[in-house]
Amino acid sequence: MDKQQIENIRKDFPILEEKIYNKDLIYFDNGATTQKPRCVVEKIEQAYYHLNANIHRGVHFLSQKATEAHEDARTTVAEFLHAAKREEIIFTRGTTEAINLVAYSFGEAFCKAGDEIIVSVLEHHSNIVPWQMLCERKGMKLQVIPMNESGELNVEAYKALINEHTKLVSVAHVSNVLGTVNPVAEIIKIAHQSNVLVLIDGAQAVPHIPVNVVELDADFYVFSAHKIYGPTGIGVLYGKETWLNQMPPYQGGGEMIATVSFEKTTYNELPFKFEAGTPDYVGSTALAEALRYVQNIGIENIAAYEHELTTYATQRLLEIEGMRIIGTAKEKSAVISFLVGNIHPYDIGMLLDKLGIAVRTGHHCAQPLIDSLGILGTVRASFAFYNTKEEIDIFITALKKVVQMLE
Ligand code: PLP
């Protein structure tokens, strides 16, 4: 993507014009959440002003229109992930709820005492804790794939962890701390050779790299709308129909039922079985708009441009004495974690903020990973396609100043 294209894209994101302490905002916290293009915010406004009615229930015009928009959004998501069927797309509150849904429902349907779940050392808490809770509930064991010094998963160690008790493997597509792009296709293939299912946490992948759930052969794939330029409070669980059909509902309530009596309730078919209560039909419509926005730019173009940005930022960071990049995998996405000398990451983050630069500091909801690295946390800069090399230059100048002050 050329300079003019990025300039035009930036105009779609009004927040990028904000001044922070009288400085131009430089937003490098895209891993936590992305900013929203005007079309997404307008879609929300339009839905509330012109389309608002509870869905799936009404015979009236507005309800039918809102239902159509919500179900069209499901189709857009299915196409975005290249899912075989739109019924395999379940709307959730986000990645976290999607993983909890699978941990609960898959656990109820398929797991018993003595079974094992495999995660990796670099997971976000939301891909650890739901599985720990399942293990506690059922008397199961959690196994952990280790990584090497660069932050790449050890595939041989992973193979050795799979045994006759293994029920499911759940790993991130992209690490939110190290930026490592995990070899998920290989991980899935290995699991399937032993009839083990795989969930891929795509929270940090879908905004940056093309995803095809059928080609990957993922059994479950999850992501959050807010990390891909969509609204907060909605996300997606993709699941293969065959598994979702065998899993019990996660929550009970309206929408998810076929018939209810005090003696017996029967459940609705997919995808509604997993969508109890009034869904976020405004959120789904806005998510679909965000996905169309991303598709218009082209996910391959985004991946190439962000790779350029990340490579440039890495080179420039290494100019700084005492710089330690945490996570140097060969395959990396648009995330750079780093430390400088003995300076506390929080101090760097706080001073950068005063210069208008938003980065994240701390354990990034991945405490076991941070502990395994023997550090307190990192400073994390994570990029989006609206970021520029000029912003990186300003960031580097600011960082040099901050380091000088703190040393
Ligand atoms: N998984 C990964 C890899 C993440 O980076 C995050 C959020 O940072 C999550 C899961 C949780 O996403 P959410 O809080 O939107 O549910």
Side-chain angles (χ1 to χ4, degrees), residues 27-36 40 77 90-104 117 119-133 144-145 147 151-153 169-184 187 198-209 211 218 220-238 250 274 280 283-284 286-287 290-291 306 326-327 329 331-337 358-370 377-384:
Y27 187 77
F28 285 170
D29 195 18
N30 296 287
T33 199
T34 51
Q35 299 303 346
K36 318 304 169 199
V40 167
V77 174
I90 313 289
F91 286 115
T92 65
R93 282 195 304 119
T95 302
T96 302
E97 190 179 57
I99 297 174
N100 275 278
L101 188 162
V102 177
Y104 175 81
I117 301 284
V119 296
S120 89
V121 66
L122 51 68
E123 299 308 316
H124 188 280
H125 294 162
S126 63
N127 197 25
I128 299 173
V129 184
W131 304 112
Q132 274 177 332
M133 289 163 70
V144 183
I145 310 169
M147 63 179 196
E152 293 161 332
L153 294 184
V169 177
S170 192
V171 291
H173 198 161
V174 172
S175 159
N176 65 311
V177 181
L178 308 172
T180 311
V181 181
N182 287 321
V184 289
I187 286 172
V198 183
L199 182 149
I200 302 296
D201 170 356
Q204 298 292 340
V206 287
H208 305 292
I209 51 179
V211 172
F220 304 100
Y221 196 100
V222 300
F223 73 92
S224 298
H226 71 96
K227 291 187 196 286
I228 182 162
Y229 313 98
T232 53
I234 187 161
V236 168
L237 161 65
Y238 157 81
Y250 173 52
F274 290 107
D280 185 359
S284 61
L287 164 60
L291 296 182
E306 289 178 347
I326 312 291
E331 290 280 326
K332 264 187 83 165
S333 184
V335 174
I336 309 177
S337 265
V359 292
R360 184 139 291 234
T361 64
H363 56 58
H364 316 296
C365 294
Q367 259 175 349
L369 168 62
I370 295 295
T378 72
V379 183
R380 182 185 75 181
S382 49
F383 307 112

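What you see below is based on every heavy atom in this structure, not just the backbone, and it leaves out hydrogens, waters and symmetry mates. Order of appearance sets the numbers: ligands from 1, and atoms from 1 within every ligand.
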> Any side-chain heavy-atom pair from L369 and E123 closer than 4.5 angstrom?
Replying inline: no
Numbering as shown, the atoms of ligand 1 that approach [X] to under 4.0 Å (heavy-atom distance):
| X | answer |
| --- | --- |
| T95 | 10 (C), 12 (O), 16 (O) |
| A203 | 1 (N), 2 (C), 4 (C), 10 (C) |
| S224 | 12 (O), 13 (P), 15 (O), 16 (O) |

[X] heavy atom under 4.0 Å from ligand 1:
| X | result |
| --- | --- |
| D201 | yes |
| S126 | yes |
| H226 | yes |

Residue, atom name and distance, where the atom is the protein heavy atom closest to [atom]:
| atom | value |
| --- | --- |
| atom 8 (O) of ligand 1 | K227 NZ, 2.6 Å |
| atom 5 (O) of ligand 1 | Q204 NE2, 2.7 Å |
| atom 4 (C) of ligand 1 | H124 CD2, 3.4 Å |

> Centres of the H208 and H173 rings: under 6.0 Å?
Replying inline: no
> Is the gap between the ring centers of F383 and F28 under 6.0 Å?
Replying inline: yes
>> Under the criterion side-chain contact (heavy atoms from CB on, under 4.5 Å), I'd like the reasoning laid out for T33 against Y27: C-alpha separation, chi angles, the key distance, then a yes or no.
In response: CA-CA 10 Å; T33 199; Y27 187 77; 3.6 Å; yes
> Where's the contact between R93 and ligand 1, heavy-atom distance under 4.0 Å: side chain, backbone, both or neither?
Replying inline: neither
> How does A172 reach ligand 1, by side chain, by backbone, by both or by neither, if only non-hydrogen atoms under 4.0 Å count?
Replying inline: neither
>> Could you work out, for atom 16 (O) of ligand 1, the closest of V171, N176, T96 by heavy-atom distance?
In response: T96
> When you look at L287 and V236, which way does the side-chain contact (heavy atoms from CB on, under 4.5 Å) test go after all the steps?
Replying inline: CA-CA 10 Å; L287 164 60; V236 168; 3.9 Å; yes
> Stepwise, does the side-chain contact (heavy atoms from CB on, under 4.5 Å) test hold for Y238 with I200?
Replying inline: CA-CA 10 Å; Y238 157 81; I200 302 296; over 6 Å; no
> Only one of L291, V174, V211 forms a side chain to side chain contact (heavy atoms under 4.5 Å, CB included) with V206, so which one is it?
Replying inline: V211
> Between S337 and H364, does a side-chain contact (heavy atoms from CB on, under 4.5 Å) hold up when you go through it step by step?
Replying inline: CA-CA 10 Å; S337 265; H364 316 296; 4.2 Å; yes
